[in-house]
2 protein chains.
Amino acid sequence: MEVKEFMDKNNYTLLADFYELAMGNGYFDQDMQDTIVTFDMFFRSVPDQGAYAIIAGLEQLVEYLEQLHFSDEDIEFLRSKKVFSEGFLDYLKNFEFTCDMWAIPEGTVAFPHEPLVVVRGPVIQAQLLETMVLLTINHQSMIATKANRICYSAQGRPVVEFGSRRAQGYSGANLGARAAYIGGCAGTANTLAEKIYGVPAVGTMAHSWVQMFPTEKEAFDAFAQTYPHNCILLVDTYDVLKQGVPNAIATFDQYLKPKGIKNMGIRIDSGDIAYLSKKARKMLDDAGYPYAKIMASNSLDEFVIEALLTQGAKLDSFGVGERLITSKSDPVFGGVYKLTSVERDGQLEPTIKISENISKITTPGFKKVYRFYDKETDKALADLITLHDEEAPQGQDFEIFHPLYTWKTRTLSNYTVKPLLERIYDKGKLVYDLPKLDQIRHHAQEELDRLWDEMKRFDNPQDYHVDLSQKLWDVRSKLLKEHGKASSVKKN
Amino acid sequence: MEVKEFMDKNNYTLLADFYELAMGNGYFDQDMQDTIVTFDMFFRSVPDQGAYAIIAGLEQLVEYLEQLHFSDEDIEFLRSKKVFSEGFLDYLKNFEFTCDMWAIPEGTVAFPHEPLVVVRGPVIQAQLLETMVLLTINHQSMIATKANRICYSAQGRPVVEFGSRRAQGYSGANLGARAAYIGGCAGTANTLAEKIYGVPAVGTMAHSWVQMFPTEKEAFDAFAQTYPHNCILLVDTYDVLKQGVPNAIATFDQYLKPKGIKNMGIRIDSGDIAYLSKKARKMLDDAGYPYAKIMASNSLDEFVIEALLTQGAKLDSFGVGERLITSKSDPVFGGVYKLTSVERDGQLEPTIKISENISKITTPGFKKVYRFYDKETDKALADLITLHDEEAPQGQDFEIFHPLYTWKTRTLSNYTVKPLLERIYDKGKLVYDLPKLDQIRHHAQEELDRLWDEMKRFDNPQDYHVDLSQKLWDVRSKLLKEHGKASSVKKN
């Protein structure tokens with residue numbers, strides 16, 4: 001299979017929590033290195049209390065796996081920690097990735113408790129991946145999900161990601177721009193993100209451009225001369241309505257109108273955007289520029305944009321920075337990576353983690369996920385998590401249970417069904433063709449089109465049904481009982 | 001000067017907002033490429049409404065500047081955008097960094113509106129740095145500041161950074177661990193952060209270790225056998241008080257007590273940590289392990305830790321993950337990079353950005369910062385921002401003004417004074433010896449010791465005085481008046 005050329009030249013093999021290596025050494029010491037296990041990555045809740053997430057980051061996970069190895073320098077460093085046996089260091093030196101892996105493709109909509117990545121393989125290997133599986137998928141899923149919310153609030157107007165300067169590190173900026181594009185953004189301010197990933201990079205001027213010239217008008221004129229076809233003037237360096245917009249209009253009159261150019265615009269980056277945009281719109285219209293665009297920036301997010309548009313702000317596009325690139329209102333995507341089964345006597349035996357916090361109890365077993373779509377509307381109806389060897393129902397009426405209130409059921413009929421997890425690795429060999437970024441973005445758009453609008457609200461969005469198959473339910477109940485935490489609700 | 005070996009093998013020259021290049025091309029087009037300017041990086045408010053920030057990230061800024069260049073591939077890519085003149089592309093191809101730069105050393109305490117980085121040089125160059133100056137300093141200053149708050153709440157107990165899995169990208173994890181260490185953390189879970197930066201990496205076991213064995217007791221026994229001297233047992237996989245702690249005690253009895261080992265411990269990762277830790281402490285004490293340590297993890301931050309300790313939780317150390325590595329409660333450090341002067345007729349002429357938002361008005365001019373310390377207590381008294389060529393007062397009584405309420409003044413006497421900005425680059429040449437990470441961390445600790453305790457509270461911390469010199473004040477007033485926004489308060 002083709003692997004894209006790596007952008008990132010660093011070796012992230014040691015970007016692993018130290019306990020992964022400490023446990024690895026322990027398993028080696030206990031002669032358990034060949035024990036086969038399965039791990040699931042899943043998340044427990046959607047950021048910002050949304051109904052769904054858009055999953056991204058698989059490409060970077062694959063990049064990491066393709067270069068996974070311990071260099072001599074790594075081994076030397078680990079030896080210096082004085083906690084690893086020479087046998088284990090030797091194992092790492094000869095490390096070869098032989099796991100199986102399934103994952104939900106990038107751009108797919110997913111819900112809490114669904115396995116997004118499933119790994120099966122020798123325990124030392126499968127455990128070692130924990131940090132990077134989580135880091136890659138958590139980060140980009142969070143940004144793609146946030147970007148989607150912001151784009152949704154903009155009601156079709158283009159949103160450009162402007163956040164590099166406030167990103168949490170280089171990859172926060174670069175991969176953040178990538179994920180924002182998957183989530184629906186039209187482009188980024190980050191030039192490198194276009195070079196690496198093909199996210200369109202755009203940008204015109206900062207306040208400094210205006211300050212560089214004796215007057216704002218001279219600054220605008222100079223810009224219009226250099227960029228007659230990309231002339232978006234930043235109008236808030238001194239005073240938007242008294243200077244910025246009048247100067248912009250004068251520049252348009254002088255340099256663009258005579259050439260018949262119509263794709264000019266202004267950007268407002270401070271003040272009350274609702275008020276200023278309405279006034280500016282009127283000034284532009286009155287001056288004969290109904291087609292001049294108004295872009296807003298300045299600490300925007302989906303809540304601010306929704307409020308601005310509700311108040312009738314006259315805006316054509318948005319530049320969204322820090323609140324997108326850090327997912328400021330909820331900057332953690334809480335994916336976890338949990339052991340779900342251990343091979344004992346040739347059988348994968350399901351394992352569970354009980355917890356003092358109910359929400360942290362895991363769903364045991366080596367699993368799969370299916371999604372049901374209504375044949376008539378093509379909308380997603382429900383998801384079903386099953387054991388790995390279960391087949392989905394093939395068209396017969398199918399009863400699903402409310403995920404929390406299991407006495408509440410619903411019968412599906414007239415549906416199509418598809419598995420969500422794709423095979424990515426087969427015994428360490430990449431068997432998946434990584435889609436191109438535009439395909440991923442397109443896939444996300446299709447996925448979103450197949451969701452009911454009621455799920456897209458920011459406040460109290462409609463829940464989506466994610467059910468466990470009867471077999472899986474029984475496995476979980478049995479384990480809970482064994483640990484003295486019998487489930488108090490019966491499914492049947 | 002010695003530059004440390006780069007960890008990061010990527011070339012981040014194009015990690016620049018596209019407008020920086022668009023403006024560069026414009027300046028080139030306007031024949032302004034040799035115009036000398038100054039830029040300041042500063043921030044407007046401290047995250048989490050704290051009183052001060054700890055600045056970090058300079059080393060990464062220097063790394064970037066030392067490798068700043070446009071490869072042939074970069075030029076080819078830029079050409080494909082079809083907006084740059086061949087002359088400008090040629091300029092980039094032969095790009096040589098020739099700016100002067102001053103910066104506040106890493107680990108230094110700083111306050112809003114103080115220049116943290118000052119750049120002087122040709123406008124195209126100085127403008128091009130904007131994104132990376134901000135990205136490097138914003139990110140690490142945010143994490144160092146957050147880490148310091150969390151360590152302060154722990155009242156001397158060690159805090160270990162556990163957040164890689166929830167970090168916003170690779171550098172979020174790696175540089176986040178570095179910054180957390182500067183801010184006072186004792187270590188990190190991220191193995192790579194030790195290899196690259198020397199931040200001590202630690203870690204023992206995940207829940208999966210416990211699940212891998214038929215019983216929790218067997219899992220603990222196996223761990224104690226492999227790691228008798230590093231035996232921190234995770235006790236919440238099934239039930240902390242009914243199983244976890246009793247099993248841990250049994251393991252200690254069997255494998256550690258006979259060897260006289262005393263540095264064992266347990267970790268609690270879910271449930272009510274206050275309650276569980278008190279019960280667990282009593283169980284350990286009663287079993288003859290008063291020296292066994294209790295570590296807590298699970299969505300901690302400075303507010304949770306403060307509350308736990310107020311409630312008498314019996315805890316010896318903390319593992320802090322997502323809320324530290326993303327600075328969750330305030331995940332944006334809002335540093336900005338603003339043009340402060342432009343050379344006209346051989347003189348640096350101060351520039352200002354007015355704004356609809358008062359707080360966004362910039363302080364003009366090429367500047368310096370001085371800090372005053374009380375000779376008796378050695379505590380920091382106030383900072384003074386001056387024009388670059390101003391000397392600090394040398395011991396005579398000195399009247400400073402409240403930064404907002406300028407009618408409120410205070411007279412400093414019996415003080416020492418030192419400049420905060422160090423020279424980093426002289427005409428593009430690195431002239432600064434980058435300190436080692438442990439020196440930076442030590443410097444931060446010294447800086448914190450020189451702050452009054454009243455500034456360290458989380459709620460309503462005491463303000464610190466940052467004043468403008470009379471000359472600088474006059475420059476700002478003059479510019480505000482010129483732009484029809486005369487300052488309504490007179491300083492004198």
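Throughout, protein chains are lettered first and strands after them, A, B, ... in sequence-line order, and every chain is numbered starting at 1. The model shown is predicted, which means the values in this text are computed figures rather than measured ones.
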(request) Tell me, out of Pro331(B), Ser329(B), Ala177(B), who's got the most heavy-atom pairs with chain A below 4.5 Å. (result) Pro331(B)
(request) Could you give me the CA-CA distance, side-chain angles and deciding distance for Tyr19(B) and Glu130(B), then say whether side chain to side chain donor-acceptor pair (under 3.5 Å) is met? (result) CA-CA 10 Å; Tyr19(B) 76 9; Glu130(B) 178 173 23; 3.0 Å; yes
(message) Can you tell me which portion of Phe213(B) sits under 4.5 Å from chain A's heavy atoms? Options are side chain, backbone, both or neither.
(response) both
(request) For chain B, find which of Asp29(A), Thr351(A), Thr191(A) contributes the most heavy-atom pairs closer than 4.5 angstrom. (result) Thr191(A)
(request) Look at Val37(A), Val123(A), Thr13(A) and state which one has the largest set of heavy-atom pairs under 4.5 Å with chain B. (result) Val123(A)
(request) Hey, could you give me the CE/CG distance between Met142(A) and Leu324(A), rounded to the nearest 0.5 Å? (result) 9.5 Å
(message) Measuring only between side-chain heavy atoms, which start at C-beta, is Tyr170(A) closer than 4.5 Å to Leu135(B)?
(response) yes
(message) What part of Glu194(B) gets within 4.5 angstrom of chain A, counting heavy atoms only: side chain, backbone, both, or neither?
(response) both
(request) Counting only heavy atoms closer than 4.5 Å, note whether Asp272(B) contacts chain A via side chain, backbone, both or neither. (result) neither
(message) Can you tell me which portion of Ile325(B) sits under 4.5 Å from chain A's heavy atoms? Options are side chain, backbone, both or neither.
(response) backbone
(message) In this structure, is the centre-to-centre distance between the rings of Phe39(A) and Tyr337(A) below 6.0 Å?
(response) yes
(message) Counting heavy-atom pairs under 4.5 Å with chain A, which one of Ala173(B), Gly172(B), Ala167(B), Gly335(B) comes out on top?
(response) Gly335(B)
(message) Does any part of the side chain of Asn138(B), heavy atoms only, come nearer than 4.5 Å to the side chain of Met41(B), both counted from C-beta?
(response) yes
(request) Against chain B, label Val210(A) side chain, backbone, both or neither, depending on which of its atoms sit under 4.5 Å from a heavy atom there. (result) neither
(request) Examine whether an atom of Val342(B) lies under 4.5 Å from a heavy atom of chain A, and if so say whether it belongs to the side chain, the backbone or both; otherwise answer neither. (result) side chain
(message) Could you check whether any side-chain heavy atom of Leu78(B) comes within less than 4.5 Å of a side-chain heavy atom of Leu14(B), counting everything from C-beta outward?
(response) yes
(message) Check this for me: does any side-chain nitrogen of one of Lys328(B) and Glu322(B) sit under 4.0 Å from a carboxylate oxygen of the other?
(response) no
(message) Just checking Phe77(B) against Phe84(B), ring centres under 6.0 Å apart?
(response) no
(message) Which one wins on heavy-atom pair count under 4.5 Å against chain A: Met32(B), Arg165(B), His139(B)?
(response) Arg165(B)
(request) Establish, from distance only, whether the side-chain atoms of Ser327(A) and Asp330(A) form a donor-acceptor pair under 3.5 Å. (result) no
(request) Check each atom of Leu276(B) against the heavy atoms of chain A and say whether the ones under 4.5 Å are side chain, backbone, both or neither. (result) side chain
(message) So, taking the atom named CD in Glu161(A) and the one named OG in Ser164(A), what distance separates them when rounded to the nearest 0.5 Å?
(response) 5.5 Å
(request) Could you tell me which portion of Val133(B) (side chain, backbone, both or neither) has an atom closer than 4.5 angstrom to a non-hydrogen atom of chain A? (result) neither
(message) For chain A, which candidate among Asp236(B), Leu339(B), Leu134(B), Ile137(B) shows the most heavy-atom pairs at distances under 4.5 Å?
(response) Leu339(B)
(message) Please report the interatomic distance CG(Asp269(A)) to NZ(Lys353(B)), rounded to the nearest 0.5 Å.
(response) 6.5 Å
(message) Please classify the contact between Thr35(B) and chain A as side chain, backbone, both or neither, with a heavy-atom cut-off of under 4.5 Å.
(response) side chain
(message) Under 4.5 Å from any heavy atom of chain A, what part of Thr204(B) do you find: side chain, backbone, both or neither?
(response) backbone
(request) Could you tell me which portion of Lys195(A) (side chain, backbone, both or neither) has an atom closer than 4.5 angstrom to a non-hydrogen atom of chain B? (result) both
(message) Is Leu175(B) in contact with chain A via its backbone, its side chain, both, or neither, using a 4.5 Å heavy-atom distance?
(response) side chain
(request) Ignoring hydrogens and angles, tell me if any N or O in the side chain of Arg267(A) forms a donor-acceptor pair with the backbone of Met205(A) under 3.5 Å. (result) yes
(message) Please classify the contact between Ser85(B) and chain A as side chain, backbone, both or neither, with a heavy-atom cut-off of under 4.5 Å.
(response) neither
(request) Among Val83(B), Thr237(B), Asp74(B), single out the residue with the greatest number of heavy-atom pairs under 4.5 Å to chain A. (result) Thr237(B)
(message) What part of Glu349(B) gets within 4.5 angstrom of chain A, counting heavy atoms only: side chain, backbone, both, or neither?
(response) neither
(message) Please classify the contact between Lys360(B) and chain A as side chain, backbone, both or neither, with a heavy-atom cut-off of under 4.5 Å.
(response) side chain
(message) We want to know whether Ser171(A) and Asn174(A) form a side-chain donor-acceptor pair, criterion being a heavy-atom distance below 3.5 angstrom.
(response) no
(request) Report the distance from atom OG1 of Thr131(B) to atom CG of Leu192(A), rounding to the nearest 0.5 Å. (result) 11.0 Å
(request) Considering only heavy atoms and a distance below 4.5 Å, find which of Tyr227(B), Phe333(B), Phe162(B) pairs most often with chain A. (result) Tyr227(B)
(message) Report which part of Arg323(B) has an atom under 4.5 Å of a heavy atom belonging to chain A: side chain, backbone, both, or neither.
(response) neither
